[in-house]
**Q** 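Structure in structure tokens, see below.
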There are 2 protein chains.
Amino acid sequence: MKDIARRAGVSESAVSFALNGRPGVSETTRARVRGVAEQLGWRPSTAARALSGEGAATVGLVLARPAHSLGVDSFFLQLVSGIQEVLAERHLGLLFQMAEDVADECAVYRRWWAEHRVDGLLMVDPRADDPRPDLLDELGLPAVVIGGAPDERHPGLSTVWADDAAAMASVVDELTGLGHRRIVHIAGLPGLAHTQRRIRTLRAEADRRGLSEVHSVTTDYSDAEGAAVTRRVLRASPPPTALIYDNDVMAVAGVAAAAELGRSVPADVSVVSWEDSALCRMVKPWLSALSRDSTEFGRTAARELTSLLDGGAARAVRVPVPRLTVRGSTGAAVSRTGGGETAGPG
Amino acid sequence: MKDIARRAGVSESAVSFALNGRPGVSETTRARVRGVAEQLGWRPSTAARALSGEGAATVGLVLARPAHSLGVDSFFLQLVSGIQEVLAERHLGLLFQMAEDVADECAVYRRWWAEHRVDGLLMVDPRADDPRPDLLDELGLPAVVIGGAPDERHPGLSTVWADDAAAMASVVDELTGLGHRRIVHIAGLPGLAHTQRRIRTLRAEADRRGLSEVHSVTTDYSDAEGAAVTRRVLRASPPPTALIYDNDVMAVAGVAAAAELGRSVPADVSVVSWEDSALCRMVKPWLSALSRDSTEFGRTAARELTSLLDGGAARAVRVPVPRLTVRGSTGAAVSRTGGGETAGPG
DNA sequence: GCAGATCACTAATCCGCTTTAGGGTGTTCA
DNA sequence: TGAACACCCTAAAGCGGATTAGTGATCTGC
């Protein structure tokens, strides 16, 4: 900046005014300074800016999943891609970190806060009884909760959420319309807030329709557990005629497990995946799946955060309800009593 | 820091000395200051530290893949997970950004450099004729190239690489051992350095063995292109008896495409996936695949970068050669002349 | 018993930028 | 013609640490 000042023949303060659009310099001087700065390829040091009270120009994102449970995943990168799109426009950096668990994640939040490393945070995978919102309140960091339900106890936090309840209802609608009355929901991690929302909604929908043989089983999202749980529930007597999987990985693994037991999809059992991706089109039959635009989800979250950083009020934004794309894995329910014989391919 | 100084009854300089292990304070004072700092949960502001010449305590990573081509992926998150493990130990932050293409990525490098945002960079997806190493040289940023071949033209850059040539040779060994003589390699993006290395090696191995019906086809790594190319090459006369896919997604899509054409795996055609993941165990038969430890790959890369940041010399580190895990998708070659009739399941 | 060295600590400067408080100059109006 | 007021610009302080140059006080050696 000294360089610019010297070459433009003005003081450093004038340079600062000129480059930041502040009043106090003539338009001609401003243009000259801008020219010199551009020519020198100058960019303000974020450290210096941060130190003089402008904030770190960075937002943080922590992913608390143990490394080994990081499997095939499409959602997260799509989400981050959308986030980046919005952040890049404003030249905001994204500080990314992985953590072992939520406690670890909280420690990261505290450290980042103490080090003035971030101006705001994006929080993913909200849980039932989550300590993070309280912490964020305490630290006073602007933050957006991604995928949580609106939470009136934390008026300072913005929330971007999809209406799982409505989506679950639409799936149940579709399945009962096809005649299914015995449905098992192979859910994800029990601790996650959206897992619990889905389980609650399923129960409510079942009660409303008088279906007694509908329940949820929680898992760790892995293909292994997806397959194991599928085998277990399909061996019940009578077995369910429809399975709802909380992610695509388990759904695909479940179809394979069903095939091993001699059950064909959708003749013997219908399958719905709560997450659409290329995976759903890699098995036969293609999986009926709930689709959402994860990239747009990310964009929305990032926009909410920038709005918060600009001093906007916190709010809850709902993204479109995931829509069920019906493909080949859902069909009419057949009544069957028990057994193991195989039907032919549908 | 003023607070600490006041509460400990010493000057701010003394606090700085005490907390940074510099001589100039007594051990008792040092302990007292440390106690106060800990009690206050104090952490130095990265901005201030950076401004006084300590560096930004941050390394950067840019992923230049268009958002839409971000599909199901296991490699990248595993890699980042390993990187984080090492960086977290040293309290180094990871600044992450997505870019549209390499030119965009270069712009990000320049900006980060000008803004003093990062102390070093991790560069992924090296390409043939890549402008990034030159740029990194020019900017003088410590950097590690992940997945490139050692490059003597850029002595300042460290490289962490897997020996694709050896891995490809092992695959060709396995396949020719099974009697395959017509092999098609369904490769990834033509611009990537490792794609070209694999293609070159395959050609060399084929020449060495006198196999004339061996070639590579490049794709965009997507399931769609994987399937399309599979259909095309299997319709050739005579068709290949073995297919090598450059990633798991295409391999799985390819198996499905083969099935549509009435070719069964491995009876009619053997399949090898160059990337192992849960995906490879979601299809029947399970896919023979080249496995590597992506997390360890990330750890190694991060360690090289920290070593560079500590003033260590740049070097090329080779990680273990990906090992072929033989599963059900590879079998003995059958000679067939043309046609479309189907063999039964193997 | 006194110079010189050592030790424990403080004062002052700097990093690069923003911002507040002035300081000239020129114009306007009484 | 002088006061009031814009207008452009400069000087200086401050952000939170690290660092360098001191400053007393205690210790060492002769």
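Keep in mind that what you see is a predicted model, and the values were worked out from it rather than measured.
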**Q** Between B:Val10 and B:Ser52, which has a closest nucleotide on DNA chain C that is more 5'?
**A** B:Val10
**Q** I would like to know whether B:Trp112 and B:Val62 meet side-chain contact (heavy atoms from CB on, under 4.5 Å); could you show each step before the answer?
**A** CA-CA 11 Å; B:Trp112 282 353; B:Val62 181; 3.7 Å; yes
**Q** Which residues in residues 34-50 of chain B have a heavy atom closer than 4.0 Å to any atom of DNA chain C?
**A** none
**Q** Taking the side chain from A:Ser81 and the backbone from A:Leu77, do they hold a donor-acceptor pair closer than 3.5 Å?
**A** no
**Q** For the pair made of CZ in A:Arg6 and P in C:dG16, what is the distance, rounded to whole Å?
**A** 13 Å
**Q** Spell out, as yes or no, whether a donor-acceptor pair under 3.5 Å connects the side chain of A:Asp101 to the backbone of A:Ala103.
**A** yes
**Q** Can you pull out how bent the helix from C:dG1-D:dC30 to C:dA30-D:dT1 is, comparing the axes over its first five and last five pairs, to 10°?
**A** 50°
**Q** Rounded to the nearest 0.5 Å, what separates atom CZ in A:Arg43 from atom CZ in A:Arg49?
**A** 8.0 Å
**Q** Under a criterion of less than 4.0 angstrom to any heavy atom of chain B, what are the 5'-terminal and 3'-terminal contacting nucleotides of DNA chain D?
**A** D:dG16 to D:dT20
**Q** Taking everything shown except A:Arg7 itself, do over 12 heavy atoms lie less than 6.0 Å from its CZ?
**A** no
**Q** How close do A:Ala64 and A:Glu105 get, heavy atom to heavy atom, and via which atoms?
**A** CB-OE1, 3.1 Å
**Q** Whole angstrom is fine here: how far is it from CD in A:Glu12 over to P in C:dT19?
**A** 15 Å
**Q** For DNA chain C, find the residues of residues 14-31 of chain B with a heavy-atom distance under 4.0 Å and give them by number; none if there aren't any.
**A** B:Ala14, B:Phe17, B:Gly24, B:Val25, B:Ser26, B:Thr29
**Q** Is A:Phe297 close to A:Asp293 at the side-chain level, that is, under 4.5 Å between some pair of heavy atoms?
**A** no
**Q** Looking at A:Glu12 and A:Lys2, does any basic side-chain N land under 4.0 Å from a carboxylate oxygen?
**A** no
**Q** Please list, one pair per line, the donor and acceptor atoms closer than 3.5 Å that link side chains of residues 116-125 of chain B to other protein atoms, with sequence neighbours excluded.
**A**
residue  : atom : partner  : partner atom : Å
B:Arg117 : NE   : B:Glu115 : OE1          : 3.0
B:Arg117 : NH1  : A:Thr58  : OG1          : 3.1
B:Arg117 : NH2  : A:Ala57  : O            : 2.5
B:Asp119 : OD1  : B:Ala56  : N            : 2.7
B:Asp119 : OD2  : B:Ala56  : N            : 3.2
B:Asp119 : OD2  : B:Ala57  : N            : 2.7
B:Asp125 : OD2  : B:Arg65  : NE           : 3.1
B:Asp125 : OD2  : B:Arg65  : NH2          : 3.4

**Q** Just distance, no hydrogens or angles: give the donor-acceptor pairs under 3.5 Å from side chains in residues 309-317 of chain B, sequence neighbours left out.
**A**
residue  : atom : partner  : partner atom : Å
B:Asp310 : OD1  : B:Arg90  : NH2          : 2.9
B:Asp310 : OD2  : B:Arg90  : NH1          : 3.0
B:Arg315 : NE   : B:Glu304 : OE1          : 3.0
B:Arg315 : NE   : B:Glu304 : OE2          : 3.3
B:Arg315 : NH2  : B:Glu304 : OE2          : 2.8

**Q** Minimum heavy-atom separation for B:Ala301 and B:Val144, please, with both atom names.
**A** O-CG2, 3.8 Å
**Q** Once you round to the nearest 0.5 Å, how far does CD of B:Glu85 lie from CE of A:Met98?
**A** 10.5 Å
**Q** Pick base, sugar-phosphate or nothing for B:Met1, based on heavy-atom distances below 4.0 Å to the nucleic acid.
**A** sugar-phosphate
**Q** Less than 4.0 Å between a side-chain N and a carboxylate O, is that true for B:Arg110 and B:Glu138?
**A** yes
